[in-house]
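Because the structure is predicted, anything quoted here is derived from the model rather than measured. So that the names make sense, note that chain A is the first sequence line, chain B the second, and so on, each numbered from 1.
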2 protein chains.
Amino acid sequence: MRARSTTASDPTVLERLRGAGLRPTRQRLALARLLFARGDRHVTAEALFTEAKQHRVNLSLATVYNALHDFTGKGLLREIVLDSNRSCFDTNTSDHHHFYFERSGRLEDIPAEQVRIAALPQAPDGASVSRVDVIIRVDG
Amino acid sequence: MRARSTTASDPTVLERLRGAGLRPTRQRLALARLLFARGDRHVTAEALFTEAKQHRVNLSLATVYNALHDFTGKGLLREIVLDSNRSCFDTNTSDHHHFYFERSGRLEDIPAEQVRIAALPQAPDGASVSRVDVIIRVDG
DNA sequence: CTTTAGTTTAGAATTGTTCTAATCTACTTG
DNA sequence: CAAGTAGATTAGAACAATTCTAAACTAAAG
Ligand SMILES: [Mn+2]
Ligand SMILES: [Mn+2]
Ligand SMILES: [Zn+2]
Ligand SMILES: [Zn+2]
C-alpha cells in the first residue's frame, strides 16, 4: 500500500465527494475508495473501520460514523436496518431490495423489477412515501 | 391497583400464556394484559416498561425484555426492525406489513393482501424464506 | 500566507440490551 | 396442604453500538 498514493481511481472518488458537496479529506477519500472501489457493498461501521485499519488508513471510529452518515445524507449511501443493534450501509443507492441470510448475516441485492407492490393503503394526507423496503429473511 | 385483582379479562390472558407453554406469572400476566387488552399494538421494551409503571405494575426492565422475547419465541408477538437501536414488538402476528412514519416513529399495519410480490430470485439451495417484511417509509 | 468554516479525534458519555447470581414462585408430588 | 424443583424475576453490573464533546487539524477562500 505504500504511502498515500493518488491512484488512477482517485479522481472519480474525489469528484464524487466534491459533487456531493463534501470536502475531500484524507479520511473521506480513503473510506470512499474502500466503499466504491468495486461493485456494490453492504457494510457496517465497525467492518469498514476494520477494513480501513487493514489498509493502514489511520482514522477513528467516530470518523467512520461521521462519514457514513454524511455520505448517507448526501445520497452516496443508503442505510438499511435489519437487525436492531447494528446498522448497515449500502453503496447501491438505486431502488432495490434485499435477501437477508439470517444465519450468516449476509445481504444480497434483489433488483427492483423483481418485486411488485400491488396496491397500497392511501399514504395518509400530506404524507409522501420516502422509500419502500422489502427484506426477505432467509434461513440458510 | 389494590392487590392483584383477577379481573374478567384475565382468564383469556391466562389461557393464552398457558397455551403457549409459559408460566402465568404476575409479571407476565400484567404485561400480557397491557399488550393484548385492546387491538393490535406496536411497542418498544422501554415504552411497555413505562406503561407498566404507570399502571403500578412492579417489575424490572429485564423482565420486560425477558417477557417480550419469551412471547416472541412462542409466537405471541413478532419482532419488527425499523430503526437500528430500538426493537419493536408487534402483537399482530399474522402476515402483514407496515407503514412507518419516520417523523413520529409511528407504525401502522398494512394487511398482507394489499401487497403482492411479483417474483423472487431463487431463494438459494436449501434456504427457506422465513419471512418477508415490507416497510413503507413515509415522511409525514 | 492568513483566516475560517468544516473536519477529525480520543475519550467520555449515552443508550439499548443482555448477563449474572441471588431470590422468589408456580406448579408438581406426596 | 407441605415440601421440592424447575423456571422466573430482579437489581445491578456488564456490554455493544453509537453519539457527544471540546480541542486540534486542515481544505478552501480571500
Ligand atoms: Mn455497526
Ligand atoms: Mn444499542
Ligand atoms: Zn443493497
Ligand atoms: Zn403490525
Side-chain angles (χ1 to χ4, degrees), chain A residues 4 6 10-11 13-32 34 42-53 57-74 76-77 79-89 105, chain B residues 3-4 6 10-11 13-32 34 42-53 56-74 76-77 79-89 105:
Chain A
R4 139 237 71 108
T6 298
D10 284 13
V13 168
L14 200 147
E15 284 159 24
R16 199 146 177 176
L17 292 180
R18 284 240 168 78
L22 291 169
R23 281 196 191 174
T25 62
R26 178 173 57 81
Q27 294 85 342
R28 285 177 176 165
L29 282 167
L31 293 175
L34 291 174
H42 301 112
V43 289
T44 240
E46 200 70 44
L48 183 60
F49 179 53
T50 299
E51 194 174 329
K53 281 190 296 195
V57 175
N58 271 323
L59 40 53
S60 69
L61 180 57
T63 298
V64 174
Y65 276 103
N66 288 340
L68 289 172
H69 287 139
D70 293 344
F71 290 7
T72 302
K74 300 297 187 176
L76 265 39
L77 290 178
E79 193 169 356
I80 306 175
V81 178
L82 292 163
D83 185 0
S84 179
N85 294 0
R86 203 168 211 89
S87 52
C88 184
F89 296 83
Chain B
R4 135 240 67 107
T6 298
D10 284 14
V13 168
L14 200 149
E15 284 159 25
R16 199 144 175 176
L17 293 180
R18 284 242 168 77
L22 291 169
R23 280 197 192 176
T25 63
R26 178 174 57 82
Q27 295 85 342
R28 284 176 176 167
L29 282 167
L31 293 175
L34 292 173
H42 301 112
V43 290
T44 240
E46 200 71 41
L48 183 60
F49 180 53
T50 299
E51 194 175 328
K53 280 190 298 195
R56 308 287 189 298
V57 176
N58 272 322
L59 40 53
S60 69
L61 180 56
T63 298
V64 174
Y65 276 103
N66 289 339
L68 289 173
H69 287 139
D70 293 343
F71 289 6
T72 301
K74 300 297 188 176
L76 264 37
L77 290 178
E79 195 169 356
I80 306 176
V81 179
L82 291 163
D83 185 0
S84 180
N85 294 1
R86 203 167 212 92
S87 48
C88 185
F89 296 83

Next item on the list: Using atom NZ of A/Lys53 as one end and atom P of C/dA10 as the other, report the distance to the nearest whole Å.
Entry: 11 Å
Margin query: So does B/Arg86 get a backbone contact from the side chain of A/Ser84, meaning a donor-acceptor N/O pair under 3.5 Å?
Written below: yes
Show each protein N/O and nucleotides 2-6 of chain D N/O combination with a separation under 3.5 Å, one pair to a line.
{"unit_1": "D/dA6", "atom_1": "N3", "unit_2": "B/Arg23", "atom_2": "NH2", "d": "3.4"}

N/O contacts under 3.5 Å, protein versus nucleotides 22-25 of chain D?
none

Next item on the list: Could you state the atom-to-atom distance from CG of B/Leu29 to P of D/dG7 in whole Å?
Entry: 19 Å
Check: Contact class for A/Asp83 (heavy atom, under 4.0 Å): base, sugar-phosphate, or nothing?
Finding: nothing
Check: What are the two closest non-hydrogen atoms of A/Leu76 and A/Ala20, and how far apart are they?
Finding: CD1-CB, 3.8 Å
Give me, pair by pair, the N or O atoms of the protein and of nucleotides 16-19 of chain C that are less than 3.5 Å apart, along with how far apart they are.
{"unit_1": "C/dG16", "atom_1": "OP1", "unit_2": "B/Arg86", "atom_2": "NH1", "d": "2.4"}
{"unit_1": "C/dG16", "atom_1": "OP1", "unit_2": "B/Arg86", "atom_2": "NH2", "d": "3.2"}
{"unit_1": "C/dT17", "atom_1": "OP1", "unit_2": "B/Ser87", "atom_2": "N", "d": "2.7"}
{"unit_1": "C/dT17", "atom_1": "OP1", "unit_2": "B/Ser87", "atom_2": "OG", "d": "3.1"}
{"unit_1": "C/dT17", "atom_1": "OP2", "unit_2": "B/Tyr65", "atom_2": "OH", "d": "2.4"}
{"unit_1": "C/dT17", "atom_1": "O5'", "unit_2": "B/Tyr65", "atom_2": "OH", "d": "3.1"}

Notebook entry, point to check: From A/Leu59 CG over to A/Arg28 CZ, what is the distance, rounded to the nearest 0.5 angstrom?
Noted result: 12.0 Å
Check: Listed by chain and number, what are the side-chain contact (heavy atoms from CB on, under 4.5 Å) partners of B/Asn66, not counting sequence neighbours?
Finding: B/Asp70
Note to self: So, taking the atom named CG in A/Leu31 and the one named CZ in A/Arg26, what distance separates them when rounded to the nearest 0.5 Å?
What the structure shows: 10.0 Å
Notebook entry, point to check: Do you know the tightest heavy-atom contact between B/Cys88 and B/Leu82?
Noted result: CB-CD1, 4.4 Å
Notebook entry, point to check: Roughly, in whole Å, what's the span from CG in A/Leu17 to P in D/dA28?
Noted result: 10 Å
Checklist line | With sequence neighbours excluded, residues passing ring-ring contact (aromatic ring centres under 6.0 Å, His included) with A/Phe89 | finding: A/His69
Next item on the list: Working to the nearest 0.5 Å, report the span between CG of B/Leu29 and CG of B/Leu34.
Entry: 11.0 Å
Next item on the list: Report the distance from atom CG of B/Leu22 to atom C1' of D/dT9, rounded to the nearest whole Å.
Entry: 14 Å
Pairs under 3.5 angstrom only: tabulate donor-acceptor contacts from the side chains of residues 43-53 of chain B to other protein residues two or more places apart or in another chain.
{"unit_1": "B/Thr44", "atom_1": "OG1", "unit_2": "B/Ser87", "atom_2": "O", "d": "3.4"}
{"unit_1": "B/Thr50", "atom_1": "OG1", "unit_2": "B/Glu46", "atom_2": "O", "d": "3.0"}
{"unit_1": "B/Glu51", "atom_1": "OE1", "unit_2": "B/Arg41", "atom_2": "NH1", "d": "3.2"}
{"unit_1": "B/Glu51", "atom_1": "OE1", "unit_2": "B/Arg41", "atom_2": "NH2", "d": "2.9"}
{"unit_1": "B/Glu51", "atom_1": "OE2", "unit_2": "B/Arg41", "atom_2": "NH1", "d": "2.9"}

Margin query: At 4.0 Å (heavy atoms only), tell me whether B/Thr25 reaches a base, stays on the sugar-phosphate, or touches nothing.
Written below: sugar-phosphate
Next item on the list: Round to the nearest Å and state the distance from B/Asn58 atom CG to C/dT25 atom P.
Entry: 13 Å
Checklist line | d(CG, A/Leu68; P, D/dA17) in whole Å | finding: 15 Å
Note to self: Expressed as a whole number of angstroms, how long is the span from B/Arg26:CZ to C/dT23:P?
What the structure shows: 18 Å
Notebook entry, point to check: When the C1' atoms of the five terminal pairs at each end define the local axes, what inter-axis angle does the helix from C/dC1-D/dG30 to C/dG30-D/dC1 show, to 10 degrees?
Noted result: 30°
Checklist line | Partners passing side-chain hydrogen bond (donor to acceptor under 3.5 Å, both in side chains) against A/Ser60 (at least two apart in sequence or in another chain) | finding: A/Thr63
Checklist line | A/Ser60 side chain near C/dT9 phosphate (N/O to OP1/OP2, under 4.0 Å) | finding: yes
Notebook entry, point to check: Taking all atoms of both residues into account, what is the closest heavy-atom pair of A/Val81 and B/Asp83, and its distance?
Noted result: CG1-N, 3.5 Å
Check: Taking CD from B/Gln27 and P from C/dC24, how many angstroms apart are they, rounded to a whole number?
Finding: 13 Å
Notebook entry, point to check: What is the distance from atom NZ of B/Lys74 to atom CG of B/Leu22, rounded to the nearest 0.5 Å?
Noted result: 5.5 Å
